[in-house]
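Below: one structure, written as structure tokens.
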Amino acid sequence: MIQRNHLLSLLLIGPLVLGACGDDDDDTVIAEPAPTSTTAPAGLTPDEPIVRDGEPWVPSLDDTWQWQLEDELNLSYDVDVYDIDLFDTPASTIADLQAEGRRVICYYSSGSWEEWRDDAGAFAAEAIGDTLYGWEDERWLDVTHPSVRTVMAARLDLAAAKGCDAVEPDNVDAWDNDTGLSFTWEEQLAYNRWTAEQAHARALAVGLKNSTSQVPHLVDVYDFAVNEECFNYDECETLLPFIEAGKPVFHVEYDERFLDDGGCAHTTSLGFQSLFLPLDLNDEFRTSC
């Protein structure tokens, strides 16, 4: 289950102005994206990624982390890894973190349309599905549609251009949700494999977000896992293939009562890097196991 969902104007043949999508009585309009200074090089396609020298970062089981996507970024935590928003974080902040010896994971949504993003108008109307439960300004995306791959390739280019060490693609288990779209578990798996391949082509490490049923099929191509609330949903053991492969599981619970119910003891016994954080991921509180 996805608990947290969170600029790149894409180079299509012409600007797209897309009409309403979803139910017939929905008057949402997808606007043309605003100009941005982070546009990818002209003519870039998903088969022509930005290329960086070197190999992707290889995270380790004992890497500690902090995850913050909202409000002013707190840079004071003594951790190995920061997981932060790709779009809202300037390249200078990423460089500052790296200068202090930290690695940076850049978060973006790989499976949802977010109305506030500068590239929101670059998706084909038929690729946009129903609203995500609990996130009224996001809609599911059809991961089989070519426009989705074009947008996501450009987002990965942005991550490479900003100097991110890794990416955290969110909403990669749409097939298991009420999307209003039609694609299969196998098609989701193919898309998730494509995402890992595209990230590695840009010398980016990549983490598998939730999608626990696909762990056995993706642990070989993803470099780490990011999980929300496996203790709450009694599914932490499904992530053990990552630990067994020497790849970290960066895990968070949002309900602090699980601190008293043995959540920290259980997940740390499995080898996870676990945090208790607010659902808004705004640094309102933080407990590290």
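Any value given below was found using the heavy atoms of this structure, including those in side chains, with hydrogens, waters and symmetry copies removed.
Below 30°, between 30° and 60°, or above 60°: for Phe258 and Phe231 the angle between ring planes is above 60°, a perpendicular geometry.
In terms of the side-chain hydrogen bond (donor to acceptor under 3.5 Å, both in side chains) criterion, Glu256 has no residue partners (sequence neighbours excluded).
Here the straight-line distance linking atom CD of Glu235 with atom CG of Asn210 works out to 7.0 Å at 0.5 Å rounding. Taken to the nearest 0.5 Å, the CE atom of Met152 stands 4.5 Å off from the OH atom of Tyr191. The structure places CD of Glu228 at 9.0 Å from OH of Tyr233, a figure rounded to the nearest 0.5 Å. For the atom pair CG of Asn171 and NZ of Lys209, the computed distance is 7.0 Å after rounding to the nearest 0.5 Å. A distance of 6.0 Å separates CZ in Arg286 from OH in Tyr77, rounded to the nearest 0.5 Å. Atoms CD1 and CH2, on Ile105 and Trp65 in that order, are 7.0 Å from each other to the nearest 0.5 Å.
Side-chain contact between Phe276 and Cys264 is present, with heavy atoms from C-beta onward closer than 4.5 Å. Considering only heavy atoms from C-beta on, Asp178 stays 4.5 Å or farther from Tyr133 through its side chain.
Between the side chain of Asp223 and the backbone N or O of Val206, at least one donor-acceptor pair lies under 3.5 Å. The backbone N or O of Gln214 lies less than 3.5 Å from no partner atom in the side chain of Ser211, so there is not a single donor-acceptor pair. Judged by distance alone, with hydrogens and angles left aside, the side-chain atoms of Asp261 form no donor-acceptor pair with the main-chain N or O of Gly263 at under 3.5 Å.
Checked for salt-bridge contact, Arg155 and Asp170 miss the test: no charged N lies under 4.0 Å from a carboxylate O.
Across all non-hydrogen atoms, the minimal contact from Leu181 to Ala127 is CD1-O, 4.2 Å. Residues Cys236 and His266 share a closest heavy-atom pair of CB-NE2, 4.3 Å. Minimum heavy-atom separation, Leu132 to Trp140: CD1-N, 3.3 Å. Heavy-atom minimum distance, Thr89 versus Lys162: O-NZ, 2.7 Å. Taking all atoms of both residues into account, the shortest heavy-atom contact from Ala225 to Leu239 is CB-CD2, 4.3 Å. Of all the heavy atoms in Asp283 and Pro278, the pair that sits closest is N-CG, 4.2 Å.
No hydrogens or angles considered: nothing links the side chains of Gln188 and Asp173 as a donor-acceptor pair under 3.5 Å. A donor and an acceptor atom, one from each side chain of Trp185 and Ser213, are located under 3.5 Å apart. A donor atom on one side chain and an acceptor atom on the other are not found under 3.5 Å apart for His217 and Asn192. Looking only at atom types and distance, the side chain of Asn177 has no donor-acceptor partner in the side chain of Thr179 under 3.5 Å away. Residues Asp80 and Thr64 bring a donor and an acceptor atom of their side chains to less than 3.5 Å of each other. For Asn74 and Gln68, the side-chain atoms include no donor-acceptor pair closer than 3.5 Å. A donor and an acceptor atom, one from each side chain of Asp63 and Ser60, are located under 3.5 Å apart.
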Would Asp165 and Arg102 count as a side-chain contact (heavy atoms from CB on, under 4.5 Å) here? Give the steps. CA-CA 10 Å; Asp165 294 296; Arg102 297 184 174 92; over 6 Å; no

Determine, stepwise, if the pair Asp255 / Arg257 fulfils salt bridge (charged side-chain N to carboxylate O under 4.0 Å, His left out). CA-CA 5 Å; Asp255 191 335; Arg257 68 186 171 89; 2.7 Å; yes

Identify each donor-acceptor pair in which a side-chain atom of residues 244-252 lies under 3.5 Å from a protein atom, sequence neighbours left out, and give them as a table.
unit_1	atom_1	unit_2	atom_2	d
Lys247	NZ	Val219	O	2.6
Lys247	NZ	Tyr222	O	2.7
His251	ND1	Ser274	OG	2.7
His251	NE2	Glu253	OE2	2.8

